[in-house]
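Below is one structure, written out as structure tokens; the observations come after it.
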There are 2 protein chains.
Amino acid sequence: MQSRTPASRPGRPRSAAADTAILAATREALVELGWSKLTLGDVATRAGVAKTTLYRRWAGKNELVVDAVAELFDELELPDRGSLAADIEGVVLQFAAILARPEAKSGLMAVVAESTRDDALRERIRASIVDRQMRLVLAGRARAQRRGELPPEPDPAEAARTGDLIFDVVAGAVVHRTLVSGKPADEDWVRSFTRVLLLGLTGTS
Amino acid sequence: MQSRTPASRPGRPRSAAADTAILAATREALVELGWSKLTLGDVATRAGVAKTTLYRRWAGKNELVVDAVAELFDELELPDRGSLAADIEGVVLQFAAILARPEAKSGLMAVVAESTRDDALRERIRASIVDRQMRLVLAGRARAQRRGELPPEPDPAEAARTGDLIFDVVAGAVVHRTLVSGKPADEDWVRSFTRVLLLGLTGTS
DNA sequence: AGCTTTCGCTACGACCCGTAGCGTAATGCC
DNA sequence: GGCATTACGCTACGGGTCGTAGCGAAAGCT
């Protein structure tokens, strides 16, 4: 995290409190104003910080919002509910709960849209948001294979492809349900989705 | 379409050529500049039209881009390839080809993000983009049921839920693969995806 | 003809951007 | 303690975009 401060540089250190205040203010502004009407000047005022301080730490609106939204996914974890179906339902419900929050809705898709023309931004999103979700998928699959609920996958290339596919199906379906269809990914929906996914992966439910 | 012009209003009619020029200029600007750097003044100049003409027809950037992107989906249709699996692969490949275009990538997700705070915009997207995709899903399922590849669904409420689920899974997976994971939804991927989906829906592949 | 609406053009205030410059505050090193 | 170095708050600025108003001319209808 502190790769820019090799050990302890000379001079006044950056305020860690300012960072958390800025990111919290960014989420607050996302809720109240949405992505398009959010301005860096407004965020600075909300955080009680000068606008120049903001520009010293983030290159622009895109990078700031990525970091602010990424913290929302900190609470994601893989519960052990005893069966693969229950594990999937648990994770998907957590994911859906985060996506239901207005700051995630308006912020996440906007930066993803911007990342289609900015490779550095895409990499930032991948490293701070997507990778963490991917790890849950891989961990869940590994656990299920230990339980014997999923067949082992000897070929690593094939295993990677399958992991990517599962991830895109799970995350994509929840995001599409929440943001495009505009309907809640509630327990009933998650149960139906998990049944189809599991049947698709194993052939038996 | 011409609900605003009950039959033929008095006065000079609006130029239909201007509409097509503006929408084409919008897509061109999306490719070159992306969503965030696209300005209405620039689009007007590209289209050879005054900026005021643009504002007379569209409320703002959001509505304009929705209409410009919607035309990309005009080419979507449901081919009859003989089997449900082949039909799904065909439609998904068409959908993926559209999403691979830069004007779709940068424009579609941006307006979806904006629609999380604008109900009228969400409705516009639903009517002009999402509904057409949904019809393909429903038509494909109906055809598969006639073929006996999918079980008939007597309960209309349950049928609607299942249709929504299929739609979110299909569209969500392709969108996530293309925009978030940043990898192409090529034939190999589509084949794997279709296999999982079909097995999930029927229990047999 | 006369009426009505659209079009192109110019101009405008308002807002936000991103940066520069300055004086001040906080830390590490000698 | 003094010194160098960096971060901070503040102000101010040119540049760009927004969305609208006002005008005269053009293109339809009756």
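To find a chain, count down the sequence lines: A is the first, B the second, and so on, and within it residues start at 1. On a predicted model such as this, the values are computed, not experimentally measured, just so you know.
The pair R27(A)-E71(A) meets the salt-bridge criterion, with a side-chain N (NZ, NE, NH1 or NH2) lying under 4.0 Å from an Asp/Glu carboxylate O. Ionic pairing of D42(A) and K37(A) is not present here: no N-O contact between side-chain nitrogen and carboxylate oxygen is shorter than 4.0 angstrom.
Rounded to whole Å, the distance from CZ on R57(A) to P on dA7(D) is 9 Å. If you take CZ of R12(B) and C1' of dG24(D), they are 12 Å apart, rounded to a whole angstrom. Whole-Å rounding puts the R9(A) CZ to dA4(D) C1' distance at 14 Å. The interatomic distance linking W58(B) (CH2) with dC18(D) (P) rounds to 16 Å, in whole Å. Here dC10(D) presents its C1' atom at 15 Å from CG of L54(A), a figure rounded to the nearest Å. In this structure, L64(B) atom CG and dC18(D) atom P are separated by 11 Å, rounded to whole Å. A straight line from CZ of R56(A) to P of dC8(D) spans 6 Å, rounded to a whole angstrom. Remark: P of dC18(D) and NZ of K37(A) are 15 Å apart, rounded to the nearest angstrom.
Checking R141(B), R81(B), R143(B) one by one against D87(B), the side chain to side chain donor-acceptor pair (under 3.5 Å) holds for a single residue, R143(B). Put simply, the residue from T26(B), V65(B), L30(B) that forms a side chain to side chain contact (heavy atoms under 4.5 Å, CB included) with V43(B) is T26(B).
A donor-acceptor pair shorter than 3.5 Å cannot be found between the side chains of E149(A) and S83(A).
With sequence neighbours left out, E158(A) forms a side-chain contact (heavy atoms from CB on, under 4.5 Å) with E153(A), D155(A), R161(A), T162(A).
Between G41(B) and P10(B), it is G41(B) whose nearest contact on DNA chain D lies nearer the 5' terminus. Of the residues near DNA chain C, L38(A) and P13(B), the one whose nearest nucleotide (by heavy atom distance) lies more toward the 5' end is P13(B).
Nucleic acid contact for S15(A): sugar-phosphate only, since backbone atoms but no base atoms lie under 4.0 Å from a heavy atom of the residue.
Taking side-chain N and O atoms only, T52(A) has no distance below 4.0 Å to OP1 or OP2 of dG9(D).
Nucleotides of DNA chain C with any atom under 4.0 Å from a heavy atom of chain B span, from 5' to 3', dT4(C) to dC9(C).
Not a single donor-acceptor contact under 3.5 angstrom links the side-chain atoms of K51(A) to the base of dG9(D).
Cation-pi geometry between K61(B) and W35(B) is satisfied (NZ or CZ under 6.0 Å from the ring centre, within 45° of the ring normal).
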